[in-house]
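Here the structure is a predicted model, which is why all the values come from computation and not from measurement. Labels below follow one simple rule: chain letters A, B, ... track the order of the sequence lines, proteins then strands, and each chain is numbered from 1. Values below: every heavy atom of this structure, side chains too, minus hydrogens, waters and symmetry copies.
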Amino acid sequence: MKVRYFVLSPDAGTTPEELVFRIIESGFDGIVKETCFGAIIEGEDERVDKIAEILRGEYYYVFSKERGYSIGDKRICRAERGGGARTGFYQIEYESEFLPLIAEAIKDFKIEKTKKPKNVIVHPINSLILADLVERSGHKPLTMMTEIAKLVRNPEIDAPPRNITTEDVIRGLKYASIEMPSGIRGRLGVWDELIQNAEAGLVANYEYAFGCAGCTHNDMLIYLIKQRGIPFIKLDLPRNQEEAKKFVEDIFVFLSSLG
Amino acid sequence: MVKVALLSCGAEYSGVYHEIQKAIEMVGGELVIPEVDLQDVKEVDEEFGIVVKGGDLKLMMARAKSVAEERCDADAAFVATCFRCAEGALVRNAVRKYLQDFRVPVVAYSFTERSKAANFLLRMEALVNIVRRKHLLARTKHEGITVGVDSGSTTTKAVVMIDNEIIGAAWRPTVDIIETADKVLEEALTKAGVKLSEVEVIGTTGYGRFLIGKHLNAGIIQDEITVGAKGATFLAGKQRGDVTILDIGGMDNKAITAHDSIPDSFTLGGICAGSSGRFLETTARRLGVDIMEFGEMATRGDYRKIRMNSYCIVFGMQDLTTALAGGAKAEDVAAAACRSVIDQIVEQQLQEITLREPIIEVGGTSLLKGLVKAVREALGMEVIVPKFSQFAVATGMAFVASGVRGESKYEVSSRVA
């Protein structure tokens, strides 16, 4: 079972309603939810990934990443959790501001899909843009969302909303002592598998990052990627079209160099 | 239902979010997450004057702004960040101050992955009572015959009040909680010349409040923070205006700021015995003197003559013992112990509130003159120790109980239901 976000670039001519219609029209038999930024779908892994492939092929301005929670999960439902948006929502909202630049940059870019997919860890670890670009190149993005999915679907843990427990925080001691705040150690405990399985790293400087990447000490991940000795690239988010073109080019050149 | 806005960073990733939520619900509150826009988040640096890196800390500030501007329906706020995060501590304090300017009741807390609902419970209960029982705390005159029983960690106290006056008070070391409460109540009633049947309402507070509340058929059960503040302002004749109440107890300590007797922020110690009366008791025992004599002795000493490298009840005591072995005067050691207690509170706790003069010092330790002197010197502020200061919490309970005379049992928290 997999859940995916589809986020429309704010300047896209397509509406979320039209996007949902296209998903259903393409024969998707899972759950589809229209949202203010696009859509969320839930279903069998292969079918969900197939929809991502179809939509990316048809609309250069649709971006996608996995989501940890099932559609309608009460642990993050506004009605159940006291009204306000969860932290991850602001991550999507912030990244949406860059989608017009990125969409325009990839519009005519000929992306060659790799036949030898590698595990590419991204920083910020919940980035929509980075996870999307890694997937477009045929590699596998290592993101927090996949780990959160494992946690929140584990019926044996009851520590809402993310099911991160003291055990995860203690696991984080592998990377940082108790002199570091528990919030970053809890994240490190969950990132552990991602860090160990990473074969490459894609790092971007974000002015704002929230939720799974919202800690002040979040950049510790960059250090840990470097420590692994794996190939990685570090970039700044683009501020104009020219920078966006270079941003996208640099990323795809790096990803294609991985094999 | 009292709505408590949760303004936190790191709670979800420390495994404590659900513990905070559980504590809010256990005291009959409702957790609220304020709604904000990304634009609000982008503007907080300017609004608060603090530039931080963490997105979730910025979000926390934006959410606080939403509470202050009443864009979200919240009665109080719980501000929490990870322990040992410097940026988190800075923002937590800024948010707490900001909300206080808007008269939003607030409590700040730094958690670790070990924090459980029990750690948050008393704080949440007080926060909810500040809102829900504001009318009882705002009353300025006591009427009728009421009793307040404070079942504390070290001592149990009872106060009998008739028409705005204390007419009987008693205390005993807490041994068996119920048995001690019964004896203290009986003694206070005897001193007052009042029969139990004449008492209109009994109120219970302190660690054992629920247990003895049930046993004594209390008309009201309330946390020791809110009633302690009320008792202190009543005893000090400062029911109007701003004050800070300092209660260094047997096992923990409380510092509460209040306006017109209504607490608006508070901090509780309780992790380290070095900031409690227990440290002073241990020192007195080492010096071979009674605790009251110890207090007198400390006024004659000079804490500067003793080198203390630790506030710890073990290692600090080691420093004092070493000083004694080196020929130090007992008076200086007593003064150093008093100074050590207040220094730890100043250095590790008082950042969570904004001190307001005068300081009203209450609780059993307020009778130790050397400690009061140390507090006055360390804070550089006016310190009032009112008559019956050791009975402030029980007095506040008796006072608050007066507001529920004639009512059936007052809304008791679900914790004892």
> Atom CE in B:Met60, atom OG1 in A:Thr87: separation rounded to 0.5 Å?
Replying inline: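 Separation between the atoms: 13.5 Å.
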> Taking 4.0 angstrom as the limit, do A:Glu97 and B:Lys42 come out as a salt bridge?
Replying inline: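 Judged by the 4.0 Å cut-off on N to carboxylate O distance, A:Glu97 and B:Lys42 do form a salt bridge.
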> So, are A:Arg185 and B:Glu113 salt-bridged, with charged N and O less than 4.0 Å apart?
Replying inline: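 Salt bridge present between A:Arg185 and B:Glu113.
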Structural part of [X] lying under 4.5 Å from a heavy atom of chain B:
X        : value
A:Ala209 : backbone
A:Ile184 : neither
A:Arg187 : both
A:Gln91  : neither

> Side-chain contact, heavy-atom cut-off 4.5 Å: B:Arg114 with A:Val169?
Replying inline: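 No. Closest side-chain heavy atoms not under 4.5 Å.
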> Any side-chain heavy-atom pair from B:Asp37 and A:Tyr90 closer than 4.5 angstrom?
Replying inline: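 Not in contact.
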> Can you pull out the residues in residues 85-92 of chain B with any heavy atom less than 4.5 Å from chain A?
Replying inline: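 Under the 4.5 Å heavy-atom cut-off, B:Cys85, B:Glu87 qualify.
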> Of all residues at least two apart in sequence or in a different chain, which pass the ring pair (Phe, Tyr, Trp, His ring centres under 6.0 Å) check with A:Tyr208?
Replying inline: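 By the ring pair (Phe, Tyr, Trp, His ring centres under 6.0 Å) rule, A:Tyr208 matches A:Tyr94.
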Which heavy atom of [X] sits nearest to which heavy atom of [Y], and what is that distance?
X       : Y        : value
B:Cys82 : A:Gly183 : SG-N, 3.1 Å
A:Arg81 : B:Leu31  : O-CD2, 3.5 Å
B:Tyr17 : A:Pro161 : CD2-CD, 3.3 Å

> Is it the side chain or the backbone of B:Val52 that comes within 4.5 Å of chain A heavy atoms, both, or neither?
Replying inline: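 Looking at B:Val52, nothing touches chain A.
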> Does any heavy atom of chain A fall under 4.5 Å from the side chain of B:Val16, the backbone, both, or neither of them?
Replying inline: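 For B:Val16, neither part sits under 4.5 Å from chain A.
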> When you look at A:Ser182 and B:Phe83, which way does the side-chain contact (heavy atoms from CB on, under 4.5 Å) test go after all the steps?
Replying inline: CA-CA 7 Å; A:Ser182 50; B:Phe83 182 55; over 6 Å; no
Output a table of donor-acceptor pairs, distance under 3.5 Å, between side-chain atoms of residues 120-133 of chain A and any protein atom two or more places apart or on a different chain; print 'none' if there are none.
{"residue": "A:His123", "atom": "NE2", "partner": "A:Asp219", "partner atom": "OD1", "Å": "3.2"}
{"residue": "A:Asn126", "atom": "ND2", "partner": "A:Phe210", "partner atom": "O", "Å": "2.9"}
{"residue": "A:Ser127", "atom": "OG", "partner": "A:Glu95", "partner atom": "OE1", "Å": "3.1"}
{"residue": "A:Ser127", "atom": "OG", "partner": "A:Ile129", "partner atom": "N", "Å": "3.4"}
{"residue": "A:Ser127", "atom": "OG", "partner": "A:Leu130", "partner atom": "N", "Å": "3.0"}
{"residue": "A:Ser127", "atom": "OG", "partner": "A:Tyr206", "partner atom": "OH", "Å": "2.8"}
{"residue": "A:Asp132", "atom": "OD1", "partner": "A:Arg136", "partner atom": "NE", "Å": "2.4"}
{"residue": "A:Asp132", "atom": "OD1", "partner": "A:Arg136", "partner atom": "NH2", "Å": "3.3"}
{"residue": "A:Asp132", "atom": "OD2", "partner": "A:Arg56", "partner atom": "NE", "Å": "2.9"}
{"residue": "A:Asp132", "atom": "OD2", "partner": "A:Arg56", "partner atom": "NH2", "Å": "3.0"}
{"residue": "A:Asp132", "atom": "OD2", "partner": "A:Ser64", "partner atom": "N", "Å": "2.8"}

> What do you reckon, is CZ of B:Phe315 surrounded by more than 12 foreign heavy atoms closer than 6.0 Å?
Replying inline: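 Check fails, neighbour count at 12 or below.
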> Going through the distances and angles, do B:Glu12 and A:Ile164 end up as a side-chain contact (heavy atoms from CB on, under 4.5 Å)?
Replying inline: CA-CA 7 Å; B:Glu12 295 182 21; A:Ile164 290 176; over 6 Å; no
> What pairs with B:Glu30 under side chain to side chain donor-acceptor pair (under 3.5 Å), at least two apart in sequence or on another chain?
Replying inline: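 Result, side chain to side chain donor-acceptor pair (under 3.5 Å) vs B:Glu30: none returned.
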> Should A:Cys212 and B:Tyr13 be marked as a side-chain contact (heavy atoms from CB on, under 4.5 Å) after you check the CA-CA gap, both sets of side-chain angles, and the distance that decides it?
Replying inline: CA-CA 8 Å; A:Cys212 296; B:Tyr13 300 91; 3.4 Å; yes
> Is the backbone N or O of A:Gly211 less than 3.5 Å from a side-chain atom of B:Asp56, with the two atoms forming a donor-acceptor pair by type?
Replying inline: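 Answer holds: yes.
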